[in-house]
S.K.: 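After the structure tokens below, expect a handful of questions from me.
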Amino acid sequence: LEEGFTDKGHPEAIGRKHPFHWFPYKDYLEASSREVPFEMYGPENVLAEGDLTYGPTGLFGTGEIRYLTAKHNSAYEGYSFYRRSFESADQDFRVKTSLSDEQWAFQMLSSSARVDFEKREGVFDKNDPASFIEFPANQYMAYMDHAEWQIDQAKVDIKHNKENEAYLVSTHPLQDSLDFSAGFARFDLSPSILEAFEVPEIDVADARILPDSGYVVIRTNAAMDPLEKSQIIANRFSKLHTFYDATTRIRGKYRYTANGMYDYLDEEESTWPIAFQSIKPDTSGMTVGVAEIEEKDEFYLSPYFGYRGKVQLEADQAPMFFMGSILIQNDCKNLQTTWFDIASYIDPSDIVIELPENDPDQLRDNTFNGIYISQDSLGGHSNFLSKYADRADIELLSATGVLFYDNEEQGYVITTYEKLKDYTVPDPYLVFYNYDCELYANGAINMFQNSGAVEMQMAGEVRHDLNKD
């Protein structure tokens, strides 16, 4: 059949060893392929297997059409063939990256098709807008209903023409149907890359991940490219914590790993960035972040507490867990302070640090807080979060329990939880006025206890001016 130019025309069609029926009174001809397919559209090398019907209204057919790496199937609605294009109201479209591939890269079933060899494009619309488009090599499907295939560029642009939400879903068996919405998508047949645009967020485990610029890339076997400069909201219900500048690797609906930045706000709302080396869900699905702060980072929990050590963030609670060492602000030459180990949840707006109980059998591991007198002199000295102590020293008054900075006192306080709640409780109370270099204590005084037949109990106040000695 030679190429026709009347109206939309019809393509050249060549058949060899094909049975045909001519109906002269109805003026049309039917032909069926057998072992050898029909050859159509000349240099386009279109092969057709099935039935062709030619008459005054044009050339029509049903069956399978193949060209380049693409294939169409339409057993019932069939095709209308024009000189440089063809259409179908209901067909299945598939295309591979290369002919040698066993797996189809893109397929859009039960859709209309308009393929134009002049414009080098194919336009497809799903007959059921609620159905999906498939990317078998990438193990994804898209709930979108419109596709435009750029034949020479080997790209397919996909979007949703209807008001239904457009989203993509992983079909990888280990990704638990990971899904996310997208404004539109583009599929590159070589090398089989699916790009999603205008992606507002991806929900994974308890977190909400926000891709930078809304751009997501998915490669073969559902491998998603790391999301650079992404944000992570953890968790997405309470929204207590937000990471930023994160590199996030999404493995499935309940699995991701990341590293990123987090802003710690102290009581004065100063920002202290923390670089979290590990951010991921635990076995319960709760996001946990782990960071290591070094002394050279010059990090402060507040204006009064320097910090070095580990930080653990748990998505279901606001305070973070700090396991490391603190350093108080001290320029007083007669009071030695060192880094002090802590393991405590810290509320930046109300920092109260629990101090460990001293063990009398482990003197070198204990921390000493109080005012002391040396037995071999009338002199005294004070300790505050100090590891130094002499067994011969006489303890006048000491305190333990919790440590905090009192802005009204303008000093560091050590006392018990009970006295913190009720100041009338007769427990020791120790204050280090770091600006004035003075130590103040009140409570039970240990001097003269067990001095003989007379038992004495003393209480009162002691002050030590650290500027003098």
S.K.: So, Thr97 versus Ser190: side-chain donor-acceptor pair below 3.5 Å or not?
M.R.: no
S.K.: Taking the inter-plane angle between the rings of Tyr67 and Phe86 on a 0 to 90° scale, is it parallel (under 30°), tilted (30 to 60°) or perpendicular (over 60°)?
M.R.: perpendicular
S.K.: Is the ring pair Phe197/Phe184 parallel, tilted or perpendicular, if the boundaries are 30 and 60 degrees?
M.R.: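 Parallel, since the angle between the ring planes stays under 30°.
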S.K.: Short question: side chain of Gln277, backbone of Ala275 - any donor-acceptor pair under 3.5 Å?
M.R.: yes
S.K.: When you check the gap from the basic side-chain N to the acidic O, do Glu292 and Lys310 get nearer than 4.0 Å?
M.R.: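 Salt bridge flag = no for Lys310 with Glu292.
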S.K.: Decide, yes or no, whether a salt bridge links Arg66 with Glu64 under the criterion of side-chain N to carboxylate O below 4.0 Å.
M.R.: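 Salt bridge: yes.
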S.K.: Compare all side-chain heavy atoms of Asp266 with those of Leu301 and state whether any distance is below 4.5 angstrom.
M.R.: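 Not touching, per the 4.5 Å side-chain cut-off.
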S.K.: Dump the intermediate steps for salt bridge (charged side-chain N to carboxylate O under 4.0 Å, His left out) on Asp203 and Arg236, then the final yes or no.
M.R.: CA-CA 8 Å; Asp203 290 345; Arg236 64 178 178 272; 3.6 Å; yes
S.K.: Would the distance check show the side chain of Ser181 and the main-chain N or O of Ala166 forming a donor-acceptor pair, the cut-off being under 3.5 Å?
M.R.: no
S.K.: Is there a donor-acceptor contact under 3.5 Å from the side chain of Asp436 to the main chain of Glu438?
M.R.: no
S.K.: Within the 3.5 Å criterion, strictly below it, is a donor on Tyr140 or Asp179 matched to an acceptor on the partner's side chain?
M.R.: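 Per modelled atom types, Tyr140 and Asp179 side chains form no pair under 3.5 Å.
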S.K.: Taking the cut-offs as 6.0 angstrom to the six-membered ring centre and 45 degrees off its axis, would you call Lys239 and Phe237 a cation-pi pair?
M.R.: no
S.K.: Specify whether Tyr264 and Phe322 have parallel, tilted or perpendicular ring planes, treating 30° as the upper limit for parallel and 60° as the lower limit for perpendicular.
M.R.: perpendicular
S.K.: May I ask you to decide if the ring planes of Trp272 and Tyr300 are parallel, tilted or perpendicular, using 30° and 60° as cut-offs?
M.R.: tilted
S.K.: State, with a plain yes or no, whether a side-chain heavy atom of Ser98 is found less than 4.5 Å away from one of Lys96.
M.R.: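 Ser98 vs Lys96: side chains apart.
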S.K.: Are the aromatic ring centres of Phe276 and Phe243 under 6.0 angstrom apart?
M.R.: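 So the answer is yes for these two rings.
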S.K.: Does a donor on one side chain sit under 3.5 Å from an acceptor on the other, for Ser170 and Gln175?
M.R.: yes
S.K.: I want to check something: taking the side chain as every heavy atom from C-beta on, are Tyr440 and Val462 in contact at a cut-off of under 4.5 Å?
M.R.: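 Contact flag for Tyr440/Val462 side chains = no.
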S.K.: Side chains of Asp263 and Tyr244 only: does a donor on one sit below 3.5 Å from an acceptor on the other?
M.R.: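 There is such a pair between these side chains.
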S.K.: What heavy-atom pair brings His241 and Ala318 nearest, and what distance separates the two atoms?
M.R.: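 Heavy atoms of His241 and Ala318 come nearest at CE1-O, 3.2 Å.
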S.K.: Would you call Arg114-Glu148 a salt bridge at under 4.0 Å N-O?
M.R.: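 Answer for the salt bridge query: no.
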S.K.: With under 30° as parallel and over 60° as perpendicular, where do the rings of Phe384 and Phe432 fit, or are they tilted in between?
M.R.: tilted
S.K.: Would you check if there is a donor-acceptor pair between the side chains of Asn127 and Ser112 at a distance under 3.5 Å?
M.R.: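 Asn127 and Ser112 do not have a side-chain donor-acceptor pair below 3.5 Å.
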S.K.: Is it true that the side chains of Glu121 and Gln150 contain a donor and an acceptor less than 3.5 Å apart?
M.R.: no
